[in-house]
Amino acid sequence: MAAVEEARRASDPSPVKRYFQTLLQGRLWWWLPLVVWTLLVGASLRYQTDAIRRHSFELSQSSAREIFNLVVLVRRWNANHGGVYVPVTEKFQPNPYLKVPWRDVVTQDGRPLTLVNPAFMTRLVGELAEQKDGIRLHITSLKPLRPANAADASETRALESFAAGGKERTWIEADGKGGQLFRYMAPLWVEKPCLQCHAEQGYKIGDLRGGISVSFSEDRTMALEAARIRQTVILHGAVYLLVVALGWWLLEQLRWRMQHLNQQVVAMRSAMEHVLRDEKMASLGRMVAGFAHEVNTPIGVALGALSNSDVTLARIDALLAAEEVSEEDLRRELGLLKSGADMAQANLVRAANLIQSFKRTSVDQTSDAKRVYDMKELLQDVLYMLHNYLKRLPITVHTECPRQLRIDGWPGQMQQLLTNLVINSLTHGFPDDRQAGEIRIVVTLATPERVRIDYSDTGQGMTPEVRSHVFESFYTTRRDSGGSGLGLSICQDIVEHRLQGSIVCESEPGAGTRFIVEFPATVVGTVLP
């Protein structure tokens with residue numbers, strides 16, 4: 001019955017489970033996770049490509065900054081030493097914009113030397129760097145001494161930002177040859193050695209003298225960047241397609257398994273209904289057999305009494321036909337006639353009660369309809385139907401139930417529950433027909449809207465191992481005696497699924513067995529103690 005109960009739960013899924021079943025069975029819904037996955041992969045690709053571009057830019061910026069810092073260090077060294085003298089050659093002539101008396105000197109051996117100041121050295125280093133590595137260094141200012149040092153539009157904006165407190169400026173622009181040029185610029189501030197050449201321009205220590213821009217081609221960096229982006233796109237595309245293909249395949253497998261499981265659920269639910277119906281019919285068959293035996297006795301007694309009345313009437317007729325009738329004989333015969341009529345009436349009333357009880361029980365168990373029923377009357381009906389089993393055993397049954405405890409529910413389910421509990425006690429609790437014992441059924445209201453049934457017997461009880469399996473389907477310790485292992489499993493199914501309640505078993509070897517059943521109920525009318 002565990003598998004059967006699982007089939008019941010599967011056939012009545014929760015809203016969440018029903019949603020996933022709908023998602024699996026309808027391929028149209030599969031596009032929803034696909035869209036979500038596409039958005040996630042797209043977001044990841046966007047983040048990765050932005051990170052690659054940002055890294056490439058930062059790498060170029062770091063390189064340009066290092067070049068600038070190196071040039072500034074060389075300039076500072078030159079300025080701190082008052083400049084550097086180098087020989088004058090045909091290709092290297094004195095700086096015409098350096099106007100200091102000591103610009104040109106002659107060595108003792110007659111070789112002419114000229115002074116290279118920081119600005120001239122920066123220009124010379126820049127020319128060499130541009131020839132060798134394509135790196136252009138441009139020292140510039142808003143007030144240049146050398147016209148070639150005039151700032152272009154981009155450098156002018158950078159110098160203006162430095163004057164406003166900016167520390168450095170980086171940008172990329174077209175190089176005019178179809179490529180991209182990376183440009184970096186940082187400010188130069190007036191220091192004490194700078195005043196030797198620029199004091200006449202009105203500069204003071206700490207003023208913005210100008211700046212040095214570092215420019216180099218960004219084409220190689222951008223080519224590497226494009227290659228990395230291409231690899232990232234290929235990797236994301238491969239992962240995207242792999243997950244889509246694998247996910248779609250898994251969804252197809254789950255869909256097939258779900259359809260197969262649904263078919264199995266339908267089959268198991270059908271099997272469950274057959275099992276429950278067979279068990280109900282078996283219970284009804286036992287009830288019919290017991291009823292036939294029970295109703296046969298009072299009807300037989302009534303028939304006997306009526307037959308005896310015919311004989312008595314014949315004797316009365318004979319007495320009346322005689323010439324003389326003894327009053328005493330006539331009264332005796334009339335007394336016998338009345339006794340027979342009373343006996344017949346009493347047994348016919350008993351048979352009528354049995355038939356009425358059987359009618360209620362059989363209709364309730366076969367139709368499984370919901371109606372208002374009297375709990376005390378239902379208990380009596382169940383014991384009536386089981387009287388044929390109980391009367392052969394030295395077992396007494398005690399019941400306690402409030403009067404007029406009328407419940408709007410399923411009497412057939414309750415009759416099945418109580419019948420199975422009693423039959424279970426007779427079969428397993430008192431296997432020896434000569435063993436005396438007692439069964440108690442106490443019905444109370446745990447709360448105004450909750451009924452409690454305390455069922456107990458004084459039978460042989462159960463071991464902990466048996467008790468742990470007592471509600472499992474087809475588990476029985478009396479299979480050799482015809483036990484099906486469904487009685488208590490059906491009880492649990494009735495209580496938990498139909499009555500929405502709980503059932504607990506308490507038992508110890510030699511100490512009997514107790515079942516505590518609680519379930520919510522709609523109580524109709526006033527309950528009397």
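All heavy atoms count here, side chains included; hydrogens, waters and symmetry mates do not.
When only modelled atom types and interatomic distance are considered, E465 and H469 share no side-chain donor-acceptor pair under 3.5 Å.
Note: L224 CG to D219 CG = 11.0 Å, rounded to the nearest 0.5 Å. Once rounded to the nearest 0.5 Å, the distance linking CZ of R514 with OG of S507 reads 12.0 Å. Interatomic distance, E225 CD to E218 CD, rounded to the nearest 0.5 Å: 7.5 Å. Residue I441 holds its CD1 atom at 11.0 Å from NE2 of H398, rounded to the nearest 0.5 Å. To the nearest 0.5 Å, atom CG of residue D457 and atom CG of residue L421 are 9.5 Å apart. Here the straight-line distance linking atom OG1 of T170 with atom CD of Q61 works out to 4.0 Å at 0.5 Å rounding.
The two atoms that bring F182 and A64 nearest to each other are CE2-CB, 4.0 Å, heavy atoms only. Closest non-hydrogen pair, T458 versus G437, comes out as OG1-CA, 3.4 Å. The two atoms that bring R450 and S502 nearest to each other are NH2-OG, 4.4 Å, heavy atoms only.
In this structure the side chain of L445 reaches within 4.5 angstrom of the side chain of L405, judged on heavy atoms. In this structure, I453 and M375 have side chains that are in contact, with non-hydrogen atoms separated by less than 4.5 Å. L426 places a side-chain heavy atom less than 4.5 Å from the side chain of L390.
Judged by distance alone, with hydrogens and angles left aside, the side-chain atoms of Q460 form a donor-acceptor pair with the main-chain N or O of H428 at under 3.5 Å.
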